[in-house]
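Data first, discussion second: the structure below is written as structure tokens.
Just so it is clear, the structure is predicted and the values come from calculations on it, not from any experiment.
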Amino acid sequence: MRVRMGCGRISLRGAFRVCAMELVRMVRSPWFVGSVAVLGFLVIVSALLNQASYSEWYGYAQQYQTKNYGMENRVMVNAWVGTDRRPSSALLYFLLPLLCLLPGAGTLIEERASGYQAHALSRMSDGLYYGAKALACFVAAGLVALMPLCLSLVASAMVMPYGLPDLMAYATLSASISNLTPFQYLFYTFPIGYLGTWCVMTCCLCGLWATTVLACSLFARSPVRLFAGACIFQILLNYASVNLSKVLSAELVNAVDLFTLLVPTGYEGSIPTSQTLGASLVAYAAASLIIPILFFRRRCYL
């Protein structure tokens with residue numbers, strides 16, 4: 001079967017081959033391997049800290065059996081990297097919005113400078129070239145986020161037993177899950193479903209963020225400046241949203257930056273909500289589609 005793609009015809013098999021080639025290039029790049037390795041290391045550090053803490057409190061509970069030392073809440077869901085509140089886990093979520101960009105978000109700039117882009121556009125349509133790159137960038141960025149989080153699922157299952165958190169004793173011994181926390185009903189009734197849902201959501205959000213930055217790279221000439229600008233954008237977004245929320249509501253701070261949105265428990269005084277997550281997903285999806293539609297041809301055929 002053949003479909004018309006801009007300046008010519010190309011088979012669906014050929015389009016799939018182009019997408020697969022782009023994805024393989026990104027996944028095999030040292031940026032992808034390095035990003036996953038750094039995040040995986042932080043997951044292991046968090047797991048070791050959780051293991052040490054659990055062993056200590058388990059020893060106390062065995063020695064003084066009249067007290068349980070909150071063992072009913074020392075369960076797998078609270079040993080996951082997104083809910084354990086370890087410094088290494090906080091560092092992971094701070095680095096994640098930047099590291100997920102490295103495998104593919106800067107490839108347009110590199111190929112424009114090397115001349116590969118002009119060669120590729122002479123052999124395939126604009127839509128196929130950019131679409132394959134955007135799809136591969138989305139998948140590669142999503143994998144950078146998904147693989148460490150899945151590793152943390154395995155590590156948390158090895159550290160603590162599976163069980164349902166005790167709501168009554170939850171305030172002092174577990175993560176700050178509130179009624180506004182997305183998917184909070186799953187947290188208490190189906191913890192593994194909560195963790196899986198959050199992993200998928202993080203994967204999609206990082207993928208859309210990376211494709212948005214890829215679209216913005218049409219206006220950049222240096223990958224370093226592109227990534228620095230993306231990081232500064234998230235910091236400014238945090239500053240603006242936090243201050244705006246404080247003006248509108250003194251009780252709840254709705255930050256919309258990825259540093260906060262990706263963390264299930266948020267940070268002190270600032271938590272993600274379903275509204276901010278949904279709005280961010282829509283905004284990044286819209287930007288990743290609209291920007292290349294409007295500006296790809298005029299920026300790549302200068």
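A donor-acceptor pair is defined here as one N or O able to donate and one able to accept, closer than 3.5 Å; no such pair exists between the side chain of W80 and the backbone of A155. A donor-acceptor pair is defined here as one N or O able to donate and one able to accept, closer than 3.5 Å; such a pair exists between the side chain of T211 and the backbone of G207. Under a 3.5 Å cut-off, the side chain of W198 and the backbone N or O of L262 do form a donor-acceptor pair. The main-chain N or O of M26 is found under 3.5 Å from a side-chain atom of S29 such that the two form a donor-acceptor pair. Listed for the S114 side chain is a donor-acceptor partner under 3.5 Å among the backbone atoms of E111. Without hydrogens or angle criteria, S217 side chain to A220 main chain gives no donor-acceptor distance under 3.5 Å. The backbone N or O of G193 sits less than 3.5 Å from a side-chain atom of T197, completing a donor-acceptor pair. Side chain of Q234 to backbone of L258: a donor-acceptor contact under 3.5 angstrom is found. Between the S156 side chain and the S152 main chain, a donor and an acceptor come within less than 3.5 Å of each other. Side-chain atoms of W209 come within 3.5 Å of backbone atoms of P97 as a donor-acceptor pair (strictly under, hydrogens ignored).
Checked by atom type, the side-chain pair T265/T83 shows no donor-acceptor distance below 3.5 Å. Using modelled atom types, one finds no donor on one side chain facing an acceptor on the other under 3.5 Å when comparing T212 with S288.
A pairwise comparison of heavy atoms in L108 and K133 identifies CD2-CD, 3.7 Å as the closest pair. Shortest non-hydrogen contact noted between L23 and A140 is CD1-N, 4.1 Å. Across A105 and F227, no two heavy atoms sit closer than the pair CB-CE2, 4.0 Å. The two residues P191 and V77 have their closest heavy-atom pair at CB-CB, 3.8 Å. The shortest heavy-atom contact between V18 and A132 is CG1-CB, 3.6 Å. The heavy-atom pair separating C206 from A141 by the smallest distance is O-CB, 3.7 Å.
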### Task
Begin with the C-alpha distance, continue with both residues' side-chain angles, and end with the deciding distance and a verdict on side-chain contact (heavy atoms from CB on, under 4.5 Å) for L261 and D257.
CA-CA 6 Å; L261 286 180; D257 61 285; over 6 Å; no
### Task
Start with the C-alpha distance between F296 and D126, add both sets of side-chain angles, then the distance that settles side-chain contact (heavy atoms from CB on, under 4.5 Å), and finish with yes or no.
CA-CA 8 Å; F296 181 79; D126 301 346; 3.7 Å; yes
### Query
Run the side-chain contact (heavy atoms from CB on, under 4.5 Å) check on L205 and Y284 step by step: do they pass?
CA-CA 8 Å; L205 192 54; Y284 289 132; 3.9 Å; yes
### Task
Go through the steps for I192 and Y162 under the test side-chain contact (heavy atoms from CB on, under 4.5 Å), then give the verdict.
CA-CA 9 Å; I192 193 66; Y162 182 81; 3.7 Å; yes
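Side-chain rings of Y194 and Y185 stay apart, their centers remaining 6.0 Å or farther from each other.
Counting side-chain heavy-atom gaps under 4.5 Å among Ile, Leu, Val, Met, Phe, Trp and Tyr, V224 is found in no cluster with other residues. The hydrophobic cluster around I232 extends to L236, counting ILVMFWY residues whose side-chain heavy atoms fall within less than 4.5 Å of a member.
Taking the side-chain hydrogen bond (donor to acceptor under 3.5 Å, both in side chains) definition, one finds that T276 meets it with T273, sequence neighbours left out. Applying the ring-ring contact (aromatic ring centres under 6.0 Å, His included) criterion to F32, with sequence neighbours excluded, gives no partner residue. Partners of Q51 by side-chain hydrogen bond (donor to acceptor under 3.5 Å, both in side chains), not counting sequence neighbours, listed by chain and number: S55. Listed by chain and number, the residues in a side chain to side chain contact (heavy atoms under 4.5 Å, CB included) with F41 are V45 (sequence neighbours excluded).
By the criterion of side-chain heavy atoms lying less than 4.5 angstrom apart, applied directly or through intervening Ile, Leu, Val, Met, Phe, Trp or Tyr residues, L121 is not grouped with I293; the two fall into different hydrophobic clusters.
Both tests do not hold together for R86 against Y93: distance to the six-membered ring centre under 6.0 Å, angle to the ring axis within 45°.
In this structure, the separation between CG on L226 and CG on L101 is 7.5 Å, given to the nearest 0.5 Å.
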